[in-house]
Structure formats: C-alpha cells, structure tokens
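Written out below as structure tokens is the structure these notes cover.
Predicted model, so just to flag it, every value in this text is computed and none were measured.
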Amino acid sequence: MATAAGGTSNGDDEQQGERPQKKRRLSPSLDTEDQVIQEVNDSWQETPSFSTIEPFTPPVKNPIPRVSAGSLSIETFQSHFSKPRPDGGPGPAPLIITGLVDHWPALTTHPWNKPAYLLSRTLSGRRLVPVEIGRSYVDEGWGQKIISFGEFLSKYIDASIPFTPSSSSNTSSFLCSSPEQPQSQSQLSPPNLLPPEKDKDNRSTNQIAYLAQHPLFLQLPRLRQDMLIPDLCYTAPPSHPTDPSQDQPELDWPQLNAWFGPAGTITPLHTDPYHNLLVQVVGRKYVRLYGPEETGTGRMRPRGKEGGVEMGNTSEIDLGVVEGWDPRPGQEEEDEDEHKTWEEDFRKVPVVDCILEPGDTLYIPIGWWHYVRGLSAERLSLLALSTACVAVLANTFQGDGYPLIASLALSGLAFSATFSMIRWLGPTFIKAGLKGVDMSKHHKKELPECMGGIAAIVYLLAVIIFIPFPFYKDIVAATSGGGNRDVVMHVEHVQEGRFLHRFPHGKLASYLSAVMALQSISLLGIGDDLFDIRWRHKFFIPAFASIPLLVVYFVDFGVTSVVIPLPLQPYLGELFNLGALYYVYMASVAIFSPNSINILAGINGIEVTQSIVIALLLAFNDCLYLLTPGSGPYPHPATDSHLFSLYFLLPFLGVSFALLWHNWYPARVFVGDTYCYFAGMVFVVVSILGHFSKTLILLLIPQIFNFVYSVPQLFGLVPCPRHRLPRFNARTGLLEPSVTPWTRERQPKPLIAWALKTLDKLKLLRVTLDEEGRFVETSNFTILNLWLVWRGPLREDRLAMEITGMQVVVGLFGLFVRHRLALIVFKQDNWGV
C-alpha cells in the first residue's frame with residue numbers, strides 16, 4: 001500500500017532532493033483549522049486499518065538474502081558493496097534488511113496503516129496530490145490527474161474509507177495520457193484525449209490509481225516527521241558496475257519519495273541511476289530484480305525514445321503478462337515465432353526476487369533492473385480466518401456439538417487450506433506435467449491443471465473431520481457409563497449404562513456412504529485428468545460410485561413411489577410404485593450430474609461458477625425447510641434431511657470459492673475434470689440422501705439443455721471435434737462461436753441437413769453455405785457457442801458472467817416451479833407439511 005524510499009539517491013530520474021522546508025502560512029484562518037485538526041488527531045487510535053484483500057501473490061523463485069539490522073553496521077554495509085555476488089556478476093547484490101526502521105513513527109506511534117491517521121495529517125484529506133491512473137505508466141490509456149488525498153484513499157485504495165470530496169477536489173486536472181515516464185510530466189501539455197475514467201470502448205479504467213514517486217514529504221511535512229533517514233544512506237556506494245557513464249553527480253541530501261497504491265499497481269521493469277533503499281511501510285510488495293550486466297545483452301528489451309522522451313531505462317517486457325499474472329493489455333498482436341523466441345531467451349535470465357513485508361528494507365544497487373508489484377497482507381488474513389474458525393470449532397464442544405456451526409467453521413478452514421495449497425502446489429503440478437494451455441488468450445500460457453483435485457481432497461478431509469460433530473450429542477448421551485453393546489444386562493440395569501442400541505447407525509451409514517461415493521468419483525476425475533479417458537468410456541462410471549448411496553437409500557428409506565398429478569389420479573391412483581425403476585432413475589441422476597458439469601466447460605471460471613450457483617440454490621432450498629416451523633412443538637419432518645444436505649454443501653462452497661479465486665478470468669489455474677465430477681457427485685449425494693432429487697433436476701435445467709443440444713455431436717450425427725470451446729479471435733480479443741468444418745466430400749445426410757438449416761432459421765445454430773448450397777461450417781453444439789450466436793462476440797469474462805446469471809435466473813425459477821407452480825397439479829408441497 002505505502003512505500004517510502006531513500007538512499008544516496010532514489011529512483012527513476014527523480015529531481016534532486018532538498019532539506020524539508022517550513023510550511024508556508026497561506027492565511028490566518030489556517031491557524032484555527034490546524035487547531036481543529038490537532039484536536040481530532042487522536043481520533044484515529046481505535047479506527048480500522050486498511051483492507052488486507054490481496055488478489056494474487058506471485059511465487060518467489062530465488063529469494064534475496066535477508067540480514068538483521070542489529071548485525072549490520074555502517075562499516076558492514078559498506079563492505080557489502082565490494083563483496084562478490086553469489087552468481088559471479090558485477091557489482092554488489094541486492095539485500096533485504098529487517099528491523100532497520102522498526103523505530104519509525106510510521107510503524108509505531110503514528111501508524112500509516114490507519115487511514116484516519118493519514119487523513120488527519122493531510123488537512124482531513126483535502127490536500128491535493130497528483131495520481132497516476134492505470135496499472136502502469138507504460139500501459140495504453142495511462143494518465144494523471146490531481147485529486148484530494150482523501151478521495152484517492154476512498155476511491156482507489158479502500159472503498160470503506162468514508163470521504164466526501166470537497167468542491168476543490170472536483171476540479172481535478174487531467175495532465176496526460178501517454179506511455180511516457182511520470183518524471184516528464186512537467187514538460188507535457190494536457191492533450192486533447194478522453195479522461196482516464198473511460199477508454200475508447202467505454203470501459204472503466206479508473207479502478208487502479210497510484211500515487212507514485214511523489215515528493216509527498218516536501219508537500220506534507222506532517223508525514224515527513226513519521227520517518228527517519230537511515231544511517232546507511234550516508235555510505236559511499238560504488239559506481240555503476242558495467243557503465244560508469246551512467247553515474248550521476250553526488251547529492252547533498254538523500255532523496256525521499258513515497259508510493260501509495262492498492263493491490264495490483266505495478267512499477268514496470270526498469271533501472272535507476274542511483275542506489276536505492278526501498279522501505280515497505282504498509283501492506284506487501286513483490287519485487288523481482290535482474291542484474292545490470294543484462295543491459296547490454298538486449299534481453300531486457302529497453303524502450304528507447306517514445307514521444308520525444310528517453311525511455312531507455314524502462315523495458316518493453318510486461319512481466320505480469322509474460323508470467324501469466326495479468327491479461328495482455330490492448331489488442332495488438334506480434335509475430336508468434338518472434339514472441340516465442342524472445343520470451344524463451346528472457347526466461348533464461350537469472351533472477352532474484354522477494355516479498356517485502358511491513359518494516360522490510362530492500363537495498364537495490366545501481367543499474368539493477370527491477371519490477372515492483374503492490375500486494376497486501378493476505379497471508380495474515382488467511383491466518384486470521386483459520387484461527388477464528390478453529391476457535392469456533394473448539395467452542396462447539398461446550399454445548400451439544402452445534403454441528404451446523406462446526407460445519408461453517410470447517411468450511412472457513414477448507415477455504416484457507418484450498419486457497420493456499422493451490423498457490424503453493426501450482427508450480428509443482430507444472431513440473432509434474434499436469435499443465436494445460438489457455439487457448440483463449442493472446443499468449444498461450446501454460447497453467448497448472450487438475451487443481452480441482454486439491455479442492456476435492458481438502459473437501460473430503462473436511463467432511464471426514466466433521467463426522468463426530470453431528471453425532472456428538474448421541475455419543476455423549478448414549479455412551480456415558482462404559483460397557484459394550486454386546487454385553488447382556490439384567491432388566492434392572494436397562495435404564496443405566498451404555499445404550500449403543502440407541503445410536504443412530506442409519507444416519508452414520510448415510511454419512512459414510514456419501515464419503516465413499518465422493519472418494520470414488522474423485523478417483524475417476526483424477527484418472528481422467530491423468531489419462532484423458534474417452535467420453536464414451538467414462539460416461540457410466542459415476543453409476544458405480546453411487547452404489548453405496550443406493551444401498552443406504554434402500555435400507556434406510558426405501559421409498560420408490562411417486563405422487564401422481566391430480567388430473568391423473570382417477571386413473572392411476574394417488575401413488576405409483578416404480579420399484580426397481582426408481583433406482584435406475586437415481587443412478588441416471590448420478591451419471592448425468594457429474595458429466596453435465598464437465599460438458600458445460602471451456603472458459604475461465606464457468607465450471608466453478610455454475611457449481612457454486614447450484615450449491616447456493618440447494619442451500620437456499622434447505623433453509624426454506626429449516627426456517628419453516630413444524631406442527632406444534634415438533635420441527636419440520638424434513639429437518640434432518642436438509643441439515644444433512646447443508647453439512648455437505650457448506651464445505652463444498654468453501655473450497656469452490658477458493659478455487660474460483662484462482663480460476664476466474666484471467667485464470668491462473670485450470671480446475672480439471674476432477675472438480676467437475678466431484679461437484680456433480682456432491683449434488684447427487686445431498687439430493688438422494690436428502691430425498692429431493694427432483695428439485696436437483698429443476699436446478700440442472702441449463703445443463704440438461706446443454707446435453708440435449710449437444711446430442712447431435714455427442715452421438716456422431718454431426719462431426720464432433722475433440723474440443724468445442726469458443727474460438728478466440730486474436731485480433732479483437734473476443735470469443736466467437738467455434739465451428740465444425742464440412743468438406744465437399746463429407747456433407748450431412750439430407751435429413752441432418754434439413755435439421756441443421758431449420759436450427760439456423762430458428763437462430764439455434766449458425767450455418768455457413770457456399771454458393772452451391774453445400775455446407776462449409778456449422779457452429780458447435782454447446783450452450784456457450786449458442787449464447788455467442790445470440791449475443792455476438794464477447795469477452796471471456798463477460799460470457800462467463802452472462803451464463804452464470806442465466807443459471808441463477810433459471811435456478812430460481814426452478815425453485816418457484818417446485819414450491820409454487822407444482823401446487824396446480826399436486827395436492828400439497830412437502831415444504832408446507
């Protein structure tokens with residue numbers, strides 16, 4: 001969030017520093033205002049800190065060494081300049097110094113992590129500051145404007161910060177919008193361009209703003225008093241190790257600048273003409289460095305002059321795009337072979353990197369190429385969430401077990417574990433060959449695949465750990481007193497001792513059968529990810545995973561009758577017993593549900609979002625029953641069934657939201673088939689053992705439509721390519737319907753041709769014919785491609801959001817049909833029983 005830097009000099013051709021000047025008195029009224037501000041200066045003491053949400057943390061490949069400030073004297077630091085680098089390169093190596101600034105007021109008595117404190121030191125946030133609008137100053141559409149410091153914090157850093165811009169802040173001045181360096185802004189006149197809030201396609205670009213490399217302390221001496229220049233800044237560093245002509249005149253006073261920005265702001269790969277000490281005050285930053293010897297190799301791809309401004313110290317390489325952390329900005333496309341060549345060459349360059357925590361100081365020697373990315377305190381957030389969940393879990397044993405509360409706590413732990421393990425194990429999966437290429441991007445980046453397996457494993461561990469909680473009360477009540485269920489007791493002792501015959505063994509059997517089914521389907525998914533099993537071979541396998549569920553259903557419930565609609569009851573009776581066919585029906589549901597999630601796939605996030613929507617709707621259906629009072633003092637008859645459902649759905653939502661964080665556009669991982677099968681089987685488990693399988697069918701209407709629509713290709717009536725995901729148009733950056741090509745030799749049969757043309761007329765397919773009426777191509781039969789036929793080309797994330805929105809609307813309508821419209825043809829709904 002906030003970073004301060006100082007040294008013998010500091011970064012990016014900054015103007016030479018001066019000693020802080022006294023604040024000029026502007027008007028007598030300010031004295032009174034200062035007094036008012038002083039009176040509220042202590043009001044920030046108990047206020048909240050900045051948000052700690054962190055969207056992504058790059059992995060550290062080659063950590064920079066760390067030393068403690070207690071063991072680093074000025075002499076020792078001076079000797080570090082002449083110490084050979086571990087890799088044998090020229091000049092000193094970067095170094096992280098811990099504890100160097102622990103005494104700074106900004107980290108102690110005047111904490112900068114308190115927004116209220118910063119506002120109290122900036123005229124209640126009304127001080128005007130120049131901010132950069134955009135992710136990086138080299139991106140297209142980058143610009144600058146002047147706004148109040150309070151508006152900057154509230155609008156761009158943390159939306160929870162209350163601040164109402166005054167009239168003065170509404171007169172923000174748009175300074176520039178070009179890829180030129182910020183230090184050159186004084187040489188630029190305001191161009192006649194759109195303001196940075198909207199680009200030419202009317203897309204919002206003001207979500208990221210950066211108060212970067214600004215001499216804030218000259219403008220606000222109040223904040224300058226919160227930090228002290230380290231003694232290490234007064235050493236005598238060496239000259240440039242490879243090009244002494246780059247050396248700058250020695251300064252009389254260390255430069256001191258500030259960087260304020262939210263997570264996601266970056267400083268692109270560049271070099272500085274001075275040595276730097278980069279101090280992290282609030283939040284975290286990822287920093288990657290390349291040695292100065294790379295400047296002359298061309299592998300850093302310096303920019304040169306752009307718009308009359310020398311940009312030779314900044315690289316053309318967008319490290320976030322190359323590493324797959326960010327989507328490619330803009331729509332321009334370069335030669336693919338040339339791109340692969342320089343990228344492969346660039347990846348061979350030795351690198352050191354680190355994550356700076358609050359209070360860390362990074363020494364960056366002169367000439368080193370470095371890239372800086374703003375993060376936050378996500379690790380602490382996950383730790384806090386996990387700690388809170390463990391505390392809640394422990395407290396459930398104080399009463400009757402409170403299984404629903406325990407399930408919620410385990411869901412939080414499952415989220416934290418899944419979120420962390422996906423990030424930690426991603427590189428390991430790639431090394432093991434579990435990787436895939438994201439085909440819907442400009443750069444076909446390899447991403448770790450089968451990460452849904454991590455979610456499945458964490459979920460299984462969570463539901464296994466949960467087993468004692470729903471039975472805690474039964475265990476305490478029925479097993480106190482010792483003994484064994486096989487021991488024969490006299491009649492007078494029947495009301496004493498151990499009553500294992502009262503333990504709900506049927507309920508435990510249902511739970512264990514569910515775990516067995518989920519384990520079996522997870523093995524199928526992992527096998528599919530590893531061996532790429534053909535669809536026709538794996539389609540019926542989920543039926544075998546459902547056998548434990550069907551056996552328990554037969555023993556514990558055994559109902560195979562269905563209610564007949566009122567108009568047919570005079571002919572068929574009120575109930576009709578399907579017998580064994582009912583088990584065939586449930587096995588069919590078990591086959592369809594996992595496969596349907598797997599079929600509706602192909603774009604970032606769609607598998608997880610549709611599963612989350614279905615799970616949330618099922619949980620909502622459960623709550624309808626749980627919140628409905630029963631007759632008299634008794635709960636609703638279906639209470640236990642829907643509690644059972646929630647016990648399995650809550651941990652599933654926990655691991656799914658963690659997976660979605662990494663799989664949403666632009667995806668950093670692929671979920672793989674494991675997640676699709678495991679998610680579908682979760683729905684089967686809760687619907688069969690919760691006795692609402694017909695409700696599940698209503699929630700799967702989009703998946704049913706997608707399957708029925710795909711039948712012509714799935715069963716070979718129309719040629720079916722190996723992958724039917726939408727086609728990415730590299731020129732526009734949008735997704736278009738993918739197609740099946742037809743040749744002169746291979747044309748559809750007359751009946752099939754008539755059907756295809758009819759679907760085209762109904763706007764259910766896109767058919768292209770040549771001048772002679774022969775088929776050239778037809779769009780593939782998936783709901784994603786059909787949606788693109790209806791809507792036209794869309795961005796990948798927009799397509800995912802629209803399909804998810806459709807799933808929500810159709811699902812809510814399904815519940816309405818189940819609980820309201822069904823009363824037209826049925827006597828009653830068991831919700832109201």
Closest heavy-atom pair and its distance - P358, V281 = CB-O, 3.6 Å
ask   = Looking only at heavy atoms, which two atoms of S148 and G125 are closest? And how far apart?
value = CB-O, 3.3 Å
request  = Run the salt-bridge test on R66 and D360 with the 4.0 Å N-O cut-off and return the result as yes or no.
outcome  = yes
query = Hey, what's the ring geometry for Y290 with F346, parallel, tilted or perpendicular (30° and 60° as the breaks)?
reply = tilted
key: Donor-acceptor contact below 3.5 Å, side chain S315 vs main chain I317   = yes
request  = Report the C-alpha separation of W112 and L223 in whole Å, then their side-chain angles, then the decisive distance to 0.1 Å, and conclude whether the side chain to side chain contact (heavy atoms under 4.5 Å, CB included) test is met.
outcome  = CA-CA 9 Å; W112 280 25; L223 292 179; 3.9 Å; yes
key: pair V129-I146: side-chain heavy atoms closer than 4.5 Å   = no
message = Using a strict threshold of under 4.0 Å (side-chain N to carboxylate O), is an ion pair present between R126 and E151?
response = no
Contact check, side chains of T361 and L278, non-hydrogen atoms, under 4.5 Å = no
query = Hey, are the side chains of L356 and I96 touching, using non-hydrogen atoms and a 4.5 Å cut-off?
reply = yes
ask   = Considering all heavy atoms of both residues, which atom of G359 and which atom of V101 are nearest to each other, and what is their separation?
value = O-CG2, 3.5 Å
ask   = Do NZ/NE/NH1/NH2 and the carboxylate oxygens of E323 and R668 come within less than 4.0 Å?
value = no
Pairwise side-chain contact, L119 with S124, heavy-atom cut-off 4.5 Å (strictly under) = no
inquiry  = Ring-plane angle category for H270 and H370, please: parallel below 30°, perpendicular beyond 60°, tilted otherwise.
reply    = tilted
inquiry  = Just so I know, are the side chains of T295 and W369 near enough to count as touching, which here means a heavy-atom distance under 4.5 Å?
reply    = yes
query = Does the S154 side chain pair with the main chain of G150, one donor and one acceptor, at a distance under 3.5 Å?
reply = no
task = State whether the side chain of D87 and the backbone N or O of G89 hold a donor-acceptor pair below 3.5 Å, judged by distance alone.
result = yes
inquiry  = Using 30° and 60° as the class boundaries, would you call the ring planes of F149 and F152 parallel, tilted or perpendicular?
reply    = tilted
request  = May I have the step-by-step check of side-chain hydrogen bond (donor to acceptor under 3.5 Å, both in side chains) for S68 and S71, ending in yes or no?
outcome  = CA-CA 6 Å; S68 171; S71 60; 4.8 Å; no
note = Taking every heavy atom of P94 against every heavy atom of V352, the minimum-distance pair comes out as CG-CG2, 4.2 Å
key: Exam field: side chain N604 to backbone A667, donor-acceptor pair closer than 3.5 Å   = yes
query = How many angstroms lie between atom OG1 of T242 and atom CD of E294, to the nearest 0.5 angstrom?
reply = 10.5 Å
task = Look only at the side chain of D353 and the backbone of V351, and say whether a donor-acceptor pair between them is shorter than 3.5 Å.
result = no
ask   = Can you list the residues that meet the ring-ring contact (aromatic ring centres under 6.0 Å, His included) rule with F429, with sequence neighbours excluded?
value = none
ask   = How are the rings of F419 and H662 set relative to one another: parallel (under 30°), tilted (30 to 60°) or perpendicular (over 60°)?
value = tilted
inquiry  = Assess the residue pair K145 and I147 against the criterion (side chain to side chain contact (heavy atoms under 4.5 Å, CB included)); give the C-alpha distance rounded to whole Å, side-chain angles, the decisive distance to 0.1 Å, and a yes or no.
reply    = CA-CA 6 Å; K145 67 178 182 179; I147 61 175; 3.8 Å; yes
task = Answer yes or no: is there a side-chain heavy-atom contact under 4.5 Å between P365 and P92?
result = yes
message = Looking at every heavy atom in both K285 and G374, which two are closest together, and how far apart are they?
response = CG-CA, 4.0 Å
Q246 and I366: CA distance, side-chain angles, deciding distance, side chain to side chain contact (heavy atoms under 4.5 Å, CB included) verdict = CA-CA 9 Å; Q246 296 291 324; I366 187 173; 5.6 Å; no
key: Heavy-atom closest contact (R795 atom, G733 atom, distance)   = CG-O, 4.4 Å
Salt-bridge contact R303-E316 (side-chain N to carboxylate O under 4.0 Å) = no
query = Would you say the side-chain atoms of Q280 pair up with the backbone N or O of V282, donor to acceptor, closer than 3.5 Å?
reply = yes
Exam field: side chain R85 to backbone P90, donor-acceptor pair closer than 3.5 Å = yes
message = Rounded to the nearest 0.5 Å, what separates atom CD1 in I74 from atom OG1 in T235?
response = 7.5 Å
remark   = Per side chain to side chain donor-acceptor pair (under 3.5 Å), Y117 is matched among D226, T109, T122 by D226
inquiry  = Let me confirm one number: the NZ-CG distance from K83 to L95, rounded to the nearest 0.5 Å.
reply    = 8.5 Å
task = May I ask you to decide if the ring planes of Y363 and F81 are parallel, tilted or perpendicular, using 30° and 60° as cut-offs?
result = tilted
ask   = Just how far is it from atom CD1 of I64 to atom CZ of R288, taken to the nearest 0.5 Å?
value = 11.0 Å
request  = Find out whether W259 and V372 are in side-chain contact, i.e. whether some heavy atom of one side chain is under 4.5 Å from a heavy atom of the other.
outcome  = no
task = Taking D318 for its side chain and G320 for its backbone only, find out whether a donor-acceptor pair lies under 3.5 Å.
result = yes
request  = Please step through side chain to side chain contact (heavy atoms under 4.5 Å, CB included) for the pair D272 and I364, ending with a clear verdict.
outcome  = CA-CA 9 Å; D272 291 334; I364 305 177; 5.7 Å; no
message = With a 3.5 Å distance limit and no angle check, can you tell me whether H103 reaches the backbone of M227 through a side-chain donor-acceptor pair?
response = no
ask   = Given side chains that start at C-beta, do those of W664 and D797 come closer than 4.5 Å, heavy atoms only?
value = yes
ask   = Judged by atom type as modelled, is there a donor-acceptor pair below 3.5 Å linking the side chain of H80 to the main-chain atoms of L72?
value = no
